[in-house]
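One structure is given below, encoded as structure tokens.
Residue numbering restarts at 1 for every chain, and letters A, B, ... go by the order of the sequence lines. Computed from heavy atoms alone, side chains included, the values below leave out hydrogens, waters and symmetry copies. Note that this is a predicted model, so its numbers are computed, not measured.
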There are 2 protein chains.
Amino acid sequence: MTKNTFDRIYETLKDRILKGAYSIKMRLPIEDDLIKEFDTSRYAVRKAIKQLADEGLVYSVKGRGVVLLEHTPQTQQFNLSLGQLSGIKAMNADRQLDYRTDVVSFKQVIVDADLSERTAFEIGIPVYAIQRVRLFNGHRNVIDINYFNAQLVPGITADIARQSIYHYIQDDLHVKIAVVKRMLRVDSVRKTDLKYLELGDNNCVGNMISIAFNDTGRQFEYTESHFIPNEFVFTQLIRN
Amino acid sequence: MTKNTFDRIYETLKDRILKGAYSIKMRLPIEDDLIKEFDTSRYAVRKAIKQLADEGLVYSVKGRGVVLLEHTPQTQQFNLSLGQLSGIKAMNADRQLDYRTDVVSFKQVIVDADLSERTAFEIGIPVYAIQRVRLFNGHRNVIDINYFNAQLVPGITADIARQSIYHYIQDDLHVKIAVVKRMLRVDSVRKTDLKYLELGDNNCVGNMISIAFNDTGRQFEYTESHFIPNEFVFTQLIRN
DNA sequence: GAGTGGTCTAGACCACGGT
DNA sequence: CCGTGGTCTAGACCACTCC
């Protein structure tokens, strides 16, 4: 349940925006009116508006008010889907997906100079090196190449990798996944991609490189997710 | 000049973090100490810390403090470079780039059903349809396919397109670029890509689709930037 | 000049983490 | 239990937009 004041305001306003309640004048009510309506302080109202702005629904202009950004069915897909931590969003997220994971490689290795250069893990520490093929509706669309710091997230097994490593990390190890940083690239295919992915005629892959941090600030994961063209999208919001 | 209190605090803290001043204990000073040090209120201190967290440098834990995220030379490149509104960041942003733009197509057209479906512009309005090849060190790395709403940003010419449309929009038209929403995909090549891009053996392109809004909330631009593999990166931050 | 959001202050209480 | 960041209140003044 959402119990915070600003959450309640945020949800109410978001609902109204998506329903088109404010669309005619393209403005949100001014802060003072929202304060009166929700019988609260400016803090909660402003925090709720901030959240709407973070999501790309509104934009605040000093001296004028809070403007709604135009949205159409097409441009809805540009809106950020918050909270999807673990990964990739299929292009048609609405259609039903049959999903399976094959663990094609599971090793525990010691970080050497090369691997350290790539993953930013310290030389000499033990890591789990895992390769998993992700099948969507039976198609080999993604290969995940994971390296997990075995000191920070110990006890991973091939069986856990077949299920969900993030589930294990959070629920069993009680390690909080605080921040994930990502880089996105387009790479020419390499041997592993050709071996495991259904690329068709394509000779490139998308490469999403993620590094994840726990709530003590330590990086416990380095992952490359190679995915086939034409199937996946990533969204981003830039504000002035 | 940065004149806000929280900007001053933010810059000072960021500087210290990057210099490693806090790295031993992996913590920022607690809020009360920062309030004393900068002789200010909690508001400014918290806003500065929020900004550091938005950038992926720190992470706040209720009850414990503000934790620094590990960073190494490799993982620095995951840090967001804020403020780069206009676009693509080359993989090696540090190396000197010779940069040129060729306008290969410049038209004014009326939006029909198909174009409306793609760009979310209303049927019947006039738009500028522009295609520009971007050369980096003489190499045709990017093709920009722009559609600008001619009512919201009138007066674009081929000459302006050769220079900088964003410069013209902001400085001459005084239109504020408030928000840009992006989608990133990997697409199989199409005819236009083959014609204009130096793809080598690659038969895919990266596709960055942007829609831009002015500060009245109107979408004035739809752009596809197709870019060659292996040269560009995008960064993203996900927080819990 | 009137109206609006942005910054800032000075407090209070709550929720969580660790001892 | 204490220390910490998160939420919340009630106000003040400033900077900007628009008329």
| request: Test for a donor-acceptor pair under 3.5 Å between the base of D:dT7 and the side chain of B:Arg42, counting only N and O atoms. | output: yes
| request: Take atom CG of A:Asn4 and atom P of C:dA15, then tell me their distance rounded to the nearest Å. | output: 10 Å
| field | Interatomic distance, B:Arg46 CZ vs C:dT7 P [rounded to whole Å] | value | 15 Å
| field | Value in whole Å for how far the P atom of C:dT9 lies from NZ of B:Lys36 | value | 16 Å
| request: Counting heavy atoms from C-beta on, name the nucleotide in D:dG6, C:dG5, D:dT7 closest to the side chain of B:Ser60. | output: D:dG6
| B:Tyr43 side-chain proximity, nearest of C:dC8, D:dT9, C:dT4 | C:dC8
| note | Rounded to whole Å, the CZ-C1' distance (B:Phe6 to C:dC8) equals 10 Å
| Does a salt bridge link B:Arg42 with B:Asp32, judged by any charged N lying under 4.0 Å from a carboxylate O? | no
| request: On the 0 to 90° scale, with breaks at 30° and 60°, tag the A:Tyr147-A:Tyr222 ring pair as parallel, tilted or perpendicular. | output: tilted
| remark: Of A:Pro29 and A:Asp215, the one whose nearest nucleotide on DNA chain C sits closer to the 5' end is A:Pro29
| Carboxylate-amine/guanidinium proximity below 4.0 Å for A:Asp54 and A:Arg239 | yes
| request: Quick one: sort the B:Tyr128 and B:Phe106 rings into parallel, tilted or perpendicular, breaks at 30° and 60°. | output: tilted
| Under-4.0 Å side-chain N/O to phosphate OP1/OP2 contact, A:Thr40 with D:dT9 | yes
| message | Strictly below 4.0 Å: does A:Ser41 bring a side-chain N or O up to OP1 or OP2 of D:dC8? | response | no
| query | A:Phe38 has an atom CZ; how far is it from atom P of D:dT7, in whole Å? | reply | 18 Å
| Do the side-chain N or O atoms of A:Lys62 get closer than 4.0 angstrom to the phosphate oxygens (OP1, OP2) of D:dT17? | no
| remark: Side-chain atoms of B:Arg64 come closest, of C:dG18, C:dA12, C:dT7, to C:dG18
| request: Starting from P on D:dG3, measure out to CZ on B:Arg27 and report it in whole angstrom. | output: 15 Å
| Residue whose closest nucleotide on DNA chain D lies nearer the 5' end, B:Ile30 versus A:Gly63 | B:Ile30
| request: Grab the CE-P distance between B:Met26 and C:dG17 for me, whole Å please. | output: 19 Å
| message | Using 30° and 60° as the class boundaries, would you call the ring planes of B:Phe227 and B:Phe232 parallel, tilted or perpendicular? | response | perpendicular
| task | Grab the CD-C1' distance between B:Glu31 and C:dA10 for me, whole Å please. | result | 15 Å
